[in-house]
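Computation of the quantities below employed the complete heavy-atom set of this structure, encompassing side-chain atoms and omitting hydrogens, waters and symmetry-equivalent molecules.
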Amino acid sequence: MVDYSVHEQVAVFEVNNPPVNAFSHKVRVGLDRSIDKAIRDTNVKAIVICGKGRTFPAGADIREFDQPHKEPWLTGVFEKLEKTTKPVVAAIHGTCLGGGLECALFCHYRIAQKTARVGFPEVQIGILPGAAGTQRLPRLTGLRVAMDMITSGRHILAPEALKYGIIDEMFTGDVINAGIKFAKSVMNKPLEDRCLKNKTVKDADQADQIADEFMSLVKRKYKGFEAPIDCVKAVKASATLPYREGLKAEAMYMQKLVLSGQSAAQRYAFFSERAVSRWKIPGGNFQTAKPLPIKSTAVIGAGTMGTGIAVCLLNAGYQVYLLEQNQKFLENGVKTIRGIIEGSVRLGKTPMAVAQKAATLLKPTMKYEDLADVDLVIEAVYENLSLKREIFSKLDKLCKPTTLLCSNTSSLDINRIGTATKRGDKVAGMHFFAPAYYMRLLENIYSTETSPATVATIMDVGRKIGKVSVLVKSCQGFLANRMRGPLSVEAYFLLEEGSTPQEVDSVLENLGMPMGPLKTGDLSGLDIGYKIQTELAKSKGVELTADSKFLMGERISTLTRTMYDKGRLGRKTGKGWYRYEKPGGKLATPDEEVMELIKDHCMKAGIQRRNISTQEILERLVYSCINEGFKILEEGVAATPEDIDISWIYGFSWPKYLGGPMYYANKIGLDKIYQRICYYHENFPYSSHWIPSRLLQKLSENKVPMNQWCSGTDSKL
Ligand code: T1G
């Protein structure tokens, strides 16, 4: 686990624990023994610590967190390092993170390859740097930089680390050679002032002010998360307490966070994010199928989705043909793309060089013929099956045989789009979430015809454009929108039965979602729901009226029709479920007029209103979706609960500290969830989303633990 060698009086400890050289128990033991060996060897005059393969240690082994504590613990080993009379040099390459950076902060010197990154990402798994990181980093950088790095978890590149004094020197070339060379240059120098524990925090006199500033920042930016708050408190302790006392404070906050439900949920989310890339379909999987090379792409449709998708592709260096049917739409699309990229450069999120390259990669066109040689097409026209089939048929005839044809449809069956072509194996769905350049979820959809190579390619493109890709089997609404469906429907029923819009929204907002379903409706426009409902009824030969309560035996609410008739279309008209300061405004205020409309609607439809508890609102909004989630699993639309949870985290901003709705269901108890679903099914027999999932019933009756119905390991639950 730690390879030991001596070169020219320098002992080299190479941590060898692939893939990221995490400090597992075995590594800690290996490091401890290596230190003893180097101290004993009188020939050794200095020590270099580095990582074998791709990286310096990237932190403690997160998989060991739920296992019983085993000595030696990191801090003990690191203290031994600092105490040696032989200088210790951390030679950093790859990602030096968490416990890895703490190890480096116990070394007397730190040098790093120019491309190396350092950081404390612990906050992202709901904890803090608990091996003295919160006490040592401020002693090097001051409070402000330390608070920023520790509360955000961001990685910084070597040049920035050099600027803050985190590293002493940058190097290029081989890690071991650079480490040995540096170690020889400091061999006989005194070490007293190289030990960080002996230093003080330079801006300690401003501790109160800086901590207050960061406290209000993290409460706003990371609403609901516990770890950033304790990170601020622990870092502040480095300035207000002596080193040893500060360590005790850090240990206390760490203990609290490790045991908190939030950290367990965030660790589950960490592993789930990686698990979703291990896809499998009939005939192939992530290991057997190889992605096809993609250089040139095309996006059809320059509306909101098309332009957003084009920005993602351009930023990742793909050539993009943007196709529209008329000059004006095309020009507007190009303008939108430029605007998004320029805005991102202004915010410092996109480097200027990337933006300049993107400009050269964009090829606006109105001619389908220009798409003949592209490797991948993503169609993003409006949701109409016959239009999409027409486009796919045209592309099939025109594009080279290897071109992959994908649709950004949010619900239409990919099988039915694929049959419009003679290359069903190369047809798939790539469903982006609005705004496409910002939201991290990419729902990739396969049909019964889609080949493993096509899936491998779209998963790979997803990764390259910085998305978290989840693979889903084609069905109506796929995973995300299908599962969320019951939530909007129940929100309307709750309004009809007695709740106010703010009561409904606040339940989900208090749970940690950024916006309740009615505010979300106002944002996307209430005419959308109204039109979908009207079209659906028409397709079934039914004419809806304001007091219709059923459609094909299913309970419906026509409240959106009432709102539509009154011109309350949401933010765009300045009024929807809420009132806004102006058309297009963002500030939602409760509106008595809405309540009057709802009450009037209920009276006409003969619906009795009553008081509805917060718990009932929560259950009806969330448990209904969870029930659908189990049906999605049962049908194999999603392969694992991790696919579902990651879709909610990155598609609908479900709070990571609750781990996703399936994880949340498990925490509450599947038997309790199942009982409540049965209760609502009895009370609302005309809502098919309350028909209990058979899988949920089976799992709850047999008390199956989540580690047996998810893809991961026991340790993360
Ligand atoms: N422990 C265990 N497994 C880890 C791991 C870790 N720290 N980091 C990564 N893995 C696994 C990961 O699950 C995946 O496994 C494989 O390694 C490759 O990862 C005392 C308390 C280093 C930037 O939080 O940010 O130190 O899926 O696919 O994109 O204060 O991994 O293949 O089975 O992500 O190249 C702090 C978390 C720990 C670092 C590499 N450190 N890791 O990214 O590969 S807490 C972290 C990362 C701590 C001290 C404490 C990234 C990466 P599998 P990958 P990558």
Side-chain angles (χ1 to χ4, degrees), residues 276-277 279-284 286 289 291-292 294 297-301 303-306 308-310 312-313 374-393 395-396 399 403-421 423-434 436 439-465 467-485 632 635-639 643-644 646-647 650-651:
V276 298
S277 62
W279 58 271
K280 187 166 84 183
I281 65 165
F286 73 103
L292 306 165
I294 302 289
T297 68
V299 175
I300 302 186
T304 313
M305 290 312 291
I309 295 168
C312 299
L313 293 165
V374 302
D375 304 311
L376 167 72
V377 180
I378 303 177
E379 161 278 311
V381 304
Y382 65 91
E383 293 289 85
N384 179 305
L385 184 62
S386 31
L387 173 64
K388 289 191 192 253
R389 280 178 58 85
E390 201 181 298
I391 292 173
F392 272 69
S393 162
L395 290 167
D396 186 36
C399 293
T403 305
L404 302 187
L405 306 179
C406 295
S407 173
N408 175 52
T409 175
S410 59
S411 64
L412 299 171
D413 188 357
I414 300 301
N415 290 288
R416 296 181 69 189
I417 298 177
T419 51
T421 73
R423 58 173 96 186
D425 62 319
K426 295 189 180 63
V427 175
M430 290 180 85
H431 175 210
F432 290 75
F433 287 71
M439 294 302 285
R440 290 207 55 214
L441 180 65
L442 175 62
E443 196 176 33
N444 282 332
I445 305 111
Y446 67 98
S447 74
T448 50
E449 296 286 311
T450 312
S451 72
T454 301
V455 172
T457 311
I458 57 176
M459 293 298 277
D460 189 50
V461 170
R463 190 179 55 78
K464 287 181 174 147
I465 62 177
K467 302 290 176 200
V468 179
S469 305
V470 169
L471 186 67
V472 177
K473 185 167 84 178
S474 187
C475 72
Q476 179 69 38
F478 313 135
L479 188 170
N481 285 346
R482 169 174 163 185
M483 187 167 160
R484 203 178 192 278
I632 283 170
E635 293 168 27
V637 168
D643 291 305
I644 296 178
I646 287 298
S647 298
Y650 290 115

Side chain [X], main chain [Y], donor-acceptor under 3.5 Å:
{"X": "Ser647", "Y": "Asp643", "answer": "yes"}
{"X": "Glu379", "Y": "Phe392", "answer": "no"}
{"X": "Lys388", "Y": "Val381", "answer": "yes"}
{"X": "Asn415", "Y": "Ser474", "answer": "no"}

Partner residues of Glu635 under the salt bridge (Lys or Arg N to Asp or Glu O under 4.0 Å) criterion, sequence neighbours left out: Arg482

What residues, two or more places apart in sequence or in another chain, satisfy salt bridge (Lys or Arg N to Asp or Glu O under 4.0 Å) together with Lys280? none

Which residues share a side-chain contact (heavy atoms from CB on, under 4.5 Å) with Ser411, sequence neighbours left out: Glu383, Gln476

Side chains of Arg416 and Ser447: donor-acceptor distance under 3.5 Å anywhere?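 No, no side-chain donor-acceptor contact under 3.5 Å.
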
Identify which one of Asn408, Asn444, Thr409, Leu441 satisfies the side chain to side chain contact (heavy atoms under 4.5 Å, CB included) criterion when paired with His431. Asn408

Could you grab the distance from atom CG of Asp375 to atom OG1 of Thr457, nearest 0.5 Å is fine?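 It is 10.0 Å, given to the nearest 0.5 Å.
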
Should Ser407 and Leu412 be marked as a side-chain contact (heavy atoms from CB on, under 4.5 Å) after you check the CA-CA gap, both sets of side-chain angles, and the distance that decides it? CA-CA 9 Å; Ser407 173; Leu412 299 171; over 6 Å; no

Could you walk me through whether Thr450 and Val455 pass the side-chain contact (heavy atoms from CB on, under 4.5 Å) check? CA-CA 7 Å; Thr450 312; Val455 172; 3.9 Å; yes

